[in-house]
Amino acid sequence: MNGPYFFPADAHEGPVWVAEQCRLYFTTKTHLDGRREVDILFLDFSQLGFCDSNELWDEFPDDAPHRLSARLFRHDARMANSMCLGPNRRNLLVAEQGDKHRPAAISLLNLSDHSRKVVVDGVDGKAFNSPNKVVLSEAGHIIFSDPDYGFRQGFRPPPELEPNVYTYTKDGRLHTFRCGLEMPHGLSLTPDQRTLFITDTSDDGAHDDDVELDRRRSVWRFSFDASSGQISGEGECCFSVNKGVPDGSLTVKDYLLVGGGDGVYVADLGGKLQGKIPMSRTAVNLALAGNGKQLFVTTDEGVALYPGWERFVEDI
């Protein structure tokens, strides 16, 4: 396999690899200058005829981007942003930002019948701002960030809550973590489930107000209790990106991968920067397939695939 490969599409967030279906699901751009709707689309790699849930592909045809086109899974998905695979692998767990008429929420979308179920949509009688990233711990705890981008970008009412990170535990309790970051955004758990990385992205270019912020674009690490789902600690700043903001992130083996304005930043699990996969586009969010060997990157122009992603990492 060579690569990277690029699949043109209206793509922005998600993304989620569902090995059983051989599909990559992702959300579209927010289209703030037009219809202000977000759809959920997918690329069906089973059409190529040799998708394997363990290794993904032993070979990959050079003409694959011309053979696959994004297809619609759900229209007008309540300004959905990030997603992850649900607890039983039969659902998408979705961070719905909502709009001025529909509340923000964390929901489950059934992959078979497309039905929707609200998991949680507020705290202490107050509405969430605009949930952005959502991850699921191995124990079944749902962790999500709730910055106020929806209000700042004009499609949500004024916020009732500070930008926080929440854990909705497996037994139905909601914990609020006031992490001290200006705009908690991207989330990823280490494989041992003991550390949670949170990106702080106040410097996103989307602020059109008089609020004085430090305009951070950094990655932070906090302690995570795998059994209770509690996040703790004052946080340790790991690194900042050179361009844009650190957006979607994930961990695999001994690595932390973070999307930035000029590519995918690669650090160790202590948060020490090791290198970067350079890109000419903004790396918005990330997903892995093939036992962590294949990396999908959503950009506003489409989806990039890096087969055997480690060979694309360059020193910074």
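- Interatomic distance, CG of L43 versus CZ of R67, reported as 13.5 Å (0.5 Å rounding).
- Note on residues 225-239: pairs passing salt bridge (Lys or Arg N to Asp or Glu O under 4.0 Å), not counting sequence neighbours, are R221-E236.
- Taking the six-membered ring for Trp and the full ring otherwise, F144 and Y168 have centroids separated by 6.0 Å or more.
- Residue pairs meeting the salt bridge (Lys or Arg N to Asp or Glu O under 4.0 Å) criterion with at least one partner in residues 273-283, sequence neighbours excluded, are D262-K276, R281-E301.
- Distance alone, capped at 3.5 Å, is enough to place a donor-acceptor pair between the T169 side chain and the R173 backbone.
- Each of L161 and V165 belongs to its own hydrophobic cluster when Ile, Leu, Val, Met, Phe, Trp and Tyr are linked at side-chain heavy-atom distances under 4.5 angstrom.
- The closest donor-acceptor contact from the side chain of N129 to the backbone of D146 lies under 3.5 Å.
- The two atoms that bring L24 and A287 nearest to each other are CD1-CB, 4.2 Å, heavy atoms only.
- Residues satisfying the side chain to side chain donor-acceptor pair (under 3.5 Å) test with W309, not counting sequence neighbours, are none.
- The shortest non-hydrogen separation linking C238 to G270 is SG-O, 4.2 Å.
- Listed by chain and residue number, T27, V38, A77, V94 satisfy the side-chain contact (heavy atoms from CB on, under 4.5 Å) test with A80 (two or more places apart in sequence, or in another chain).
- Closest approach of E37 to T28, counting heavy atoms only: O-OG1, 4.2 Å.
- No more than 12 heavy atoms of other residues, nucleotides or ligands lie within 6.0 Å of CG in D124, so this atom counts as exposed by the packing criterion.
- Counting non-hydrogen atoms of other residues, nucleotides and ligands closer than 6.0 Å to NZ of K29 gives a total above 12.
- Residues passing the side chain to side chain donor-acceptor pair (under 3.5 Å) test with K253, sequence neighbours excluded: E310.
- With sequence neighbours left out, D44 forms a side-chain contact (heavy atoms from CB on, under 4.5 Å) with R23, F42, S46, Q47, R71.
- Although no hydrogens or angles enter the test, the distance criterion places a donor-acceptor pair under 3.5 Å between the side chain of H141 and the main chain of S227.
- With N110 contributing its side chain and S115 its backbone, the two residues share no donor-acceptor pair below 3.5 Å.
- Contact detail for L288 and W17: the closest heavy-atom pair is O-CB, 3.6 Å.
- Aromatic rings from F197 and F224 are positioned such that their centres are separated by 6.0 Å or more.
- Residues meeting the side chain to side chain donor-acceptor pair (under 3.5 Å) test with T298, sequence neighbours left out: none.
- D39 places no side-chain N or O within 3.5 Å of a backbone atom of L41 that could act as its donor or acceptor partner.
- Using a distance-only test at 3.5 Å, with no hydrogens or angles considered, no donor-acceptor pair links the side chain of T167 to the main chain of H175.
- Residue F73 qualifies as enclosed at atom CZ: its count of foreign heavy atoms under 6.0 Å is above 12.
- Side chain of Q274 to backbone of K272: a donor-acceptor contact under 3.5 angstrom is found.
- Residues passing the side-chain contact (heavy atoms from CB on, under 4.5 Å) test with A127, sequence neighbours excluded: R156, E160.
- Remark: T176 OG1 to L174 CG distance equals 5.5 Å, nearest 0.5 Å.
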Below 3.5 Å, can you tabulate the donor-acceptor pairs from side chains in residues 183-196 to any protein atom, sequence neighbours excluded?
| unit_1 | atom_1 | unit_2 | atom_2 | d |
| --- | --- | --- | --- | --- |
| H185 | ND1 | T201 | OG1 | 2.6 |
| H185 | NE2 | N132 | OD1 | 2.9 |
| H185 | NE2 | K133 | NZ | 2.9 |
| H185 | NE2 | D247 | OD1 | 3.1 |
| S188 | OG | S249 | OG | 3.0 |
| T190 | OG1 | D192 | OD1 | 2.7 |
| T190 | OG1 | T195 | N | 3.2 |
| T190 | OG1 | T195 | O | 3.4 |
| D192 | OD1 | R194 | N | 3.0 |
| Q193 | OE1 | E138 | N | 2.8 |
| Q193 | NE2 | T190 | O | 3.2 |

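- Evaluation of the salt bridge (Lys or Arg N to Asp or Glu O under 4.0 Å) test over residues 73-84, restricted to residues two or more places apart or in two chains, returns D76-R102.
- Of all heavy-atom pairs spanning F312 and P278, the tightest one is O-CD, 3.9 Å.
- Separation of atoms SG (C84) and OH (Y25) is listed at 14.5 Å; rounding is to 0.5 Å.
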Between E13 and S82, is the side chain to side chain donor-acceptor pair (under 3.5 Å) condition met? List the steps.
CA-CA 5 Å; E13 274 285 359; S82 169; 4.8 Å; no
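- Hydrophobic clustering (ILVMFWY, side-chain heavy atoms < 4.5 Å, transitive): V313 and L250 are in one cluster.
- A ring pair (Phe, Tyr, Trp, His ring centres under 6.0 Å) check over residues 259-279, counting only residues at least two apart or in different chains, returns nothing.
- V18 and L93 fall into different hydrophobic clusters, defined by Ile, Leu, Val, Met, Phe, Trp and Tyr side-chain heavy atoms under 4.5 Å apart, directly or through other members.
- Side-chain rings of F296 and Y5 stay apart, their centers remaining 6.0 Å or farther from each other.
- Neither I106 nor Y149 shares a network with the other; the hydrophobic side chains, linked directly or stepwise wherever heavy atoms of I, L, V, M, F, W or Y lie under 4.5 Å apart, form separate groups for each.
- For the residue pair G292 and V252, the shortest heavy atom distance occurs at CA-CG2, 4.0 Å.
- Partners of E162 by side chain to side chain donor-acceptor pair (under 3.5 Å), not counting sequence neighbours: none found.
- In this structure a side-chain-to-backbone donor-acceptor pair under 3.5 Å is missing from T282 to V284.
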